[in-house]
Amino acid sequence: MLHSHNCKEHDSDRSAGDLVADRAEERYGREIREIQSEIAGLRSELRRFIEHANRQNIETIIGRLREEYAGVFIGQHLSDADQRLRERMIRDCPMRERCYTAFYEFLKTSAEHIRDGEVSEEIVLSYRDRLAEMRKSGKFDSCSTCFAETNRLFEKQLELMRSLGIYQRNRETSPSIGDLPDEVLVGEILEPLANRHRFRIVQALAAELQTFSALSDLTGLRGGNLLFHLKKLQDAGMILQRHERGDYIITGKGYKTLEGICALYAALES
């Protein structure tokens, strides 16, 4: 009987001890979860701060690029315009040389706005109106071919301005799904980033400038293979090279595209 009584007291003491231990463990677990939550919040705030700081740094660098290399950008664009107009304008048209001069001067004048810190929607619309007036003066059915090429070159010019943060198109309302320009979206946004290597390149440039060597180490690509992907991103206006053989930097378009992808991913995961 005495042994039975002692066992009961021991069981009672152990149960009380276990209860205290359980409560302590629960309290510690709650405190740890609270600390984890605070750390997660701090990490989130730090990430937003870093992204904001990086974006400010990128915008500053793009501004300096625009000031330092505006002449280079204009020269490259006009050289490309000269080549494309000579290759794609109607060859046997009696107005060919006269129209070439008019188109080239139009593109040369509009390209000079790359030197500006900002180009308004009104200025862009004035150039569109000017091009439309020029189109009305066309005397032949084949004129549409030459005007279409000039318009493409003008739109390419605007895309460069957007990449440099010079021109921001005013949009009071978002386009409907049916109004989305499939050729532009696929060719200039979806297709350029629909590759693991190119996506990693843009991700890396969103954090800081990168050299060709650093991007080669990041992707595992060498020489011409890496240049192929870099050119794809440059042609799409996602990235820029500071100068020949210089560092690579993300553009405003590239950064905004990544932000859009991030928001889309978060929405699909929620």
Side-chain angles (χ1 to χ4, degrees), residues 46-47 50-84 87-88 114 152-153 155-166 182-266 268:
L46 180 60
R47 188 182 303 111
I50 291 173
E51 289 177 353
H52 178 69
N54 285 338
R55 183 165 188 175
Q56 286 185 321
N57 184 48
I58 287 167
E59 290 174 351
T60 299
I61 293 171
I62 288 176
R64 290 174 182 170
L65 271 173
R66 185 173 59 239
E67 293 174 2
E68 294 176 14
Y69 300 106
V72 175
F73 292 135
I74 293 171
Q76 288 179 340
H77 174 78
L78 293 180
S79 175
D80 181 56
D82 173 68
Q83 180 181 351
R84 288 178 177 268
E87 288 178 352
R88 302 184 183 186
I114 292 174
R152 278 193 291 270
L153 290 168
E155 291 298 329
K156 187 174 181 181
Q157 197 177 97
L158 293 180
E159 188 56 46
L160 174 59
M161 292 181 184
R162 291 189 190 99
S163 297
L164 293 171
I166 299 169
D182 55 344
E183 184 176 352
V184 174
L185 286 175
V186 174
E188 298 182 10
I189 298 177
L190 300 179
E191 194 275 334
L193 291 179
N195 174 279
R196 180 169 56 88
H197 295 308
R198 292 198 290 272
F199 190 79
R200 292 186 68 190
I201 288 170
V202 178
Q203 274 186 308
L205 294 178
E208 58 183 339
L209 282 73
Q210 300 283 343
T211 64
F212 185 89
S213 177
L215 292 174
S216 180
D217 292 339
L218 173 70
T219 60
L221 299 173
R222 299 290 181 267
N225 288 332
L226 178 56
L227 283 172
F228 169 80
H229 291 291
L230 290 172
K231 189 174 187 307
K232 278 271 189 181
L233 293 171
Q234 286 177 287
D235 289 345
M238 296 283 184
I239 68 173
L240 288 172
Q241 190 175 18
R242 296 184 69 175
H243 52 79
E244 188 177 359
R245 298 182 181 277
D247 295 339
Y248 290 88
I249 182 175
I250 193 170
T251 64
K253 176 183 177 180
Y255 202 97
K256 288 179 181 179
T257 301
L258 278 185
E259 287 184 321
I261 292 174
C262 183
L264 174 62
Y265 180 78
L268 293 175

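What you are looking at is a predicted structure, and each value in this text was computed from that prediction instead of being measured.
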key: Backbone N/O of Ile189 and side chain of Lys253: donor-acceptor pair under 3.5 Å   = no
inquiry  = Counting C-beta onward and ignoring hydrogens, is there a side-chain heavy-atom pair between Leu230 and Ile201 closer than 4.5 Å?
reply    = yes
ask   = For Lys232, what residues pass the side-chain contact (heavy atoms from CB on, under 4.5 Å) criterion, not counting sequence neighbours?
value = Glu191, Arg198, Phe228
ask   = What pairs with Leu227 under side-chain contact (heavy atoms from CB on, under 4.5 Å), at least two apart in sequence or on another chain?
value = Phe212, Tyr248
query = From Glu155 CD over to Leu160 CG, what is the distance, rounded to the nearest 0.5 angstrom?
reply = 13.0 Å
ask   = Which residues pass the ring-ring contact (aromatic ring centres under 6.0 Å, His included) test with His77, sequence neighbours left out?
value = none
note = Taken to the nearest 0.5 Å, the spacing of Leu193 CG from Leu258 CG works out to 6.5 Å
inquiry  = Going by the rule side-chain contact (heavy atoms from CB on, under 4.5 Å), which residues pair with Arg84 if we only count those two or more places apart in sequence or in a different chain?
reply    = Asp80, Arg88, Glu149, Leu153, Lys156
inquiry  = Working to the nearest 0.5 angstrom, can you tell me the gap between Glu188 CD and Glu159 CD?
reply    = 5.0 Å
query = With Asp235, which residues qualify under side-chain contact (heavy atoms from CB on, under 4.5 Å), at least two apart?
reply = Lys231
key: Separation between CG of Leu233 and CG of Leu205, rounded to the nearest 0.5 Å   = 8.5 Å
remark   = Here the gap from Gln157 atom CD to Ile166 atom CD1, rounded to the nearest 0.5 Å, amounts to 10.0 Å
Atom pair NZ/CD1 of Lys256 and Ile261 - distance to nearest 0.5 Å = 14.5 Å
Show me the donor-acceptor pairs within less than 3.5 Å that the side chains of residues 216-223 make with the rest of the protein, sequence neighbours left out.
| residue | atom | partner | partner atom | Å |
| --- | --- | --- | --- | --- |
| Ser216 | OG | Leu221 | O | 2.5 |
| Ser216 | OG | Arg222 | NH1 | 2.7 |
| Thr219 | OG1 | Leu215 | O | 2.8 |
| Thr219 | OG1 | Leu221 | N | 3.2 |
| Arg222 | NH1 | Ser216 | O | 3.0 |

